[in-house]
Number of protein chains: 2
Amino acid sequence: MSDSAWRQQGSLWSNLRQVCDLLAIPAPATADQEDTVFQHVRFKAGQRIHRIGQAFDTLYIVNSGFLKTVHIDEYGNEQVLSFPMKGDLLGIDGIHKQHYASEAIALSDCDMILVPYKTFTALGRVHVELEQAMFNVMSREIVREQMMISMLSALSAEAKVARFLTNLGERFNQMGYSGRSFNLRMTRQEIGSYLGLTLETVSRTLSALNELGLISVEQREINLIDPVALKTLRRLPPAKARIKVSEKVTALVNKNLLPQWNGELAAALN
Amino acid sequence: MSDSAWRQQGSLWSNLRQVCDLLAIPAPATADQEDTVFQHVRFKAGQRIHRIGQAFDTLYIVNSGFLKTVHIDEYGNEQVLSFPMKGDLLGIDGIHKQHYASEAIALSDCDMILVPYKTFTALGRVHVELEQAMFNVMSREIVREQMMISMLSALSAEAKVARFLTNLGERFNQMGYSGRSFNLRMTRQEIGSYLGLTLETVSRTLSALNELGLISVEQREINLIDPVALKTLRRLPPAKARIKVSEKVTALVNKNLLPQWNGELAAALN
DNA sequence: CGAGAGGTTGATGTATTTCAATAGCTGTGG
DNA sequence: CCACAGCTATTGAAATACATCAACCTCTCG
């Protein structure tokens, strides 16, 4: 819940300053704090925030909760595009054609702030810094997607899963939670779709990272034991070597193993 | 070359109307056509337009020529992100951190229009329609990248290459060239990087599509013979079946083969 | 408590990569 | 102008990463 959002007509409202804080952009100094207010709407887990093809008119900011955004391809297959959480902006992809290009679905109960697109652009015209910030947010989104493309086309399954976990950790950190120990809000299926892998591969990879002592997993409970190693991991050592090594001084090995598994090292340890 | 760009101080210049036309956005009716002009700069094949980390201050619009944009990962590997051509806007990813997040390299001689970011935002403030158009362009870019992400994580190698070709064709069409028969401006290596495949897989896949009669390839010369089939192709029939089938009524088969290869059909034909 | 969704793990198959050998272009300098 | 060097592309054979199919287990929640 927003620290100081207030109730009015039975629903929560936030002012411009609160919205800017949430988006991590500087609020305009000249702000007329009271005359622009933003309504909150609550969604239950499983509910859709917007659908593909639906007429676009409002952006959403996540105030609390976890979501996924998905594409549905021509054969009805769901493709996960992102896992928005507190502070993220949803619906930008609707600006282009005035219809949402993706679907947003709540993974947990969510509190969303509505920002009518008209209000959004009007504010940009009034506050120069805000317009700048809006371009920034969109540019940031483009960079984020570029990173995703790089990751999808260049990394192995192990590296994808490892980075996914560290990225999640960093986002939890930014939100003020522990970045080392957290609960996944999505299924293996959804992680797999997001990373371009099958759910079985995700499950196996998590088990392997667990074996190696880089993380601990139990169902959706994750502990990042060696975040540095995870972040730079490129590929796992061959399975046979892994067994023996994992029984040795795992911590030490993990640090030497990166960024690339070293054959001589493996030999030396066996 | 821009239809009506003019020379001044030894280099070409375009006005706002020309720039808007190029970007396929409506030019502001109220435009003061003469007081904002944009300089052209020419780059030779192989030259860099901007580098990663370089201070950001200008956007580029492709007036003619072909380029690639790339990420360089922490180990120096190049990851191709896009192949910009006429009408495309470059450098948006630099807004976020005020430093370019990617590198743009000319694949052929190029004529680029410089748009200082300050000019860009200033124009948005003066012409409301322009600000709207700028958001549109950025949203379009986000949607394009989302499509790319879907494609990378869900499609087979054959489908990726097939879509790559039809997408290229569509862009050539929009530029007024033939969308059926064109020359690739990039190497197999670069296509592979873009699609998350090795250059060998790209080469083999092109050969296979050629075998099937869906395209013809000779070095960098491409002919799209059955664009509809290419666009909806999901996976190729097994290699053994392919040989026999390709010797039969290929055209007919191609049409029935989609969107998914049908086992009974293959059996019936053999 | 039972049903159903989510997760793990094994055996097997296959798409794609990797390694390697060969041949075709392109441009440069003698 | 030809020859040669160095990219670029093709193709084959072998290796492997990941997917697929399948069985079983585990939680959750009505």
Side-chain angles (χ1 to χ4, degrees), chain A residues 44-46 68 77-78 80 107-108 152-162 183-193 195-211 215-222 233-243 260-261 263, chain B residues 44-46 68 77-78 80 107-108 152-162 183-193 195-211 215-222 233-243 260-261 263:
Chain A
K44 293 230 168 85
K68 64 175 175 182
N77 304 313
E78 185 174 297
V80 175
L107 294 178
S108 68
L152 281 172
S153 52
L155 297 189
S156 67
E158 294 92 356
K160 285 179 186 175
V161 173
N183 274 69
L184 297 175
R185 299 319 200 297
M186 63 295 281
T187 66
R188 307 288 194 258
Q189 172 82 259
E190 287 161 343
I191 298 173
S193 169
L195 297 176
L197 303 170
T198 58
L199 67 97
E200 292 96 330
T201 300
V202 172
S203 179
R204 270 188 253 271
T205 305
L206 288 172
S207 300
L209 294 174
N210 187 41
E211 276 298 304
I215 67 173
S216 72
V217 212
E218 184 138 350
Q219 296 293 123
R220 297 200 176 174
E221 223 172 286
I222 300 282
L233 181 140
R234 310 210 91 200
R235 44 191 350 118
L236 252 33
K240 342 151 201 177
R242 225 153 64 206
I243 301 156
Q260 200 140 6
W261 178 251
Chain B
K44 294 230 168 86
K68 64 175 175 182
N77 305 313
E78 185 174 297
V80 175
L107 293 178
S108 68
L152 282 172
S153 51
L155 297 189
S156 67
E158 295 93 354
K160 285 179 186 174
V161 173
N183 275 69
L184 297 176
R185 299 316 198 305
M186 64 294 284
T187 67
R188 305 287 193 260
Q189 172 82 256
E190 287 161 342
I191 298 172
S193 169
L195 296 177
L197 303 170
T198 59
L199 68 99
E200 293 96 329
T201 301
V202 172
S203 178
R204 271 187 252 270
T205 305
L206 288 172
S207 300
L209 294 174
N210 186 41
E211 277 297 306
I215 66 172
S216 73
V217 211
E218 184 137 350
Q219 297 292 123
R220 298 199 177 177
E221 224 172 284
I222 300 282
L233 182 139
R234 311 210 90 196
R235 48 193 344 123
L236 251 35
K240 343 153 201 177
R242 226 153 64 207
I243 302 156
Q260 196 140 8
W261 178 250

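Only a predicted model underlies this, so the values are computations on that prediction, with no experimental measurement involved. Proteins come first, then strands; the chains are lettered A, B, ... in the order of their sequence lines, and each starts at number 1.
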On the side chain of B:Q189, is there an atom forming a donor-acceptor pair with the base of D:dC7 - under 3.5 Å, no angle test?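 Answer is no: no donor-acceptor pair is held.
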Kindly say whether, by distance alone, the side chain of A:R204 makes a donor-acceptor pair under 3.5 Å with the base of D:dT20?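 By the distance-only test, yes, there is a pair.
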May I ask you to verify if any side-chain N or O of [X] is less than 4.0 angstrom from the OP1 or OP2 atom of [N]?
| X | N | result |
| --- | --- | --- |
| A:S203 | C:dG7 | no |
| B:S207 | D:dT11 | yes |
| B:R188 | D:dT10 | yes |

Pick base, sugar-phosphate or nothing for B:L197, based on heavy-atom distances below 4.0 Å to the nucleic acid.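 The answer is sugar-phosphate, as B:L197 gets under 4.0 Å only of primed atoms, P, OP1 or OP2.
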Select from A:Q219 and A:G196 the residue whose nearest nucleotide in DNA chain D is closer to the 5' end of that strand.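 It is A:G196, whose closest nucleotide lies nearer the 5' terminus.
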For A:T201 and A:E218, take the nucleotide of DNA chain D holding the closest heavy atom to each; which residue's nucleotide lies nearer the 5' end?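 Here A:T201 is the residue nearer the 5' end.
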Report the distance from atom [atom1] of [X] to atom [atom2] of [N], rounded to the nearest whole Å.
| X | N | atom1 | atom2 | result |
| --- | --- | --- | --- | --- |
| B:L209 | D:dT10 | CG | P | 12 Å |
| A:L184 | D:dC27 | CG | C1' | 15 Å |
| A:E190 | C:dG6 | CD | P | 8 Å |
| A:L199 | D:dA22 | CG | P | 15 Å |
| A:L206 | C:dT8 | CG | P | 7 Å |
| B:L195 | C:dA15 | CG | P | 18 Å |
| A:L152 | D:dC18 | CG | P | 13 Å |
| A:E221 | C:dG6 | CD | P | 19 Å |

For A:L199, does its backbone N or O pair with a side-chain atom of A:S203 as donor and acceptor, under 3.5 Å? no
Tell me every residue that passes salt bridge (Lys or Arg N to Asp or Glu O under 4.0 Å) with B:E78, counting only those two or more places apart in sequence or in another chain.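 Partners of B:E78 by the salt bridge (Lys or Arg N to Asp or Glu O under 4.0 Å) criterion, ordered by chain and then number, come out as B:K68.
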With rounding to the nearest 0.5 angstrom, report the [atom1] to [atom2] distance, [X] to [Y].
| X | Y | atom1 | atom2 | result |
| --- | --- | --- | --- | --- |
| B:L152 | B:L195 | CG | CG | 7.0 Å |
| A:R220 | A:N183 | CZ | CG | 9.0 Å |
| B:R204 | B:L197 | CZ | CG | 11.5 Å |

Options C:dG7, C:dT16, D:dA9, nucleotide nearest the side-chain atoms of B:T187: D:dA9
Given D:dA22, D:dC18, C:dG7, identify the nucleotide with an atom nearest to the side chain of A:E200.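 Nearest to the side chain of A:E200 among the choices is D:dA22.
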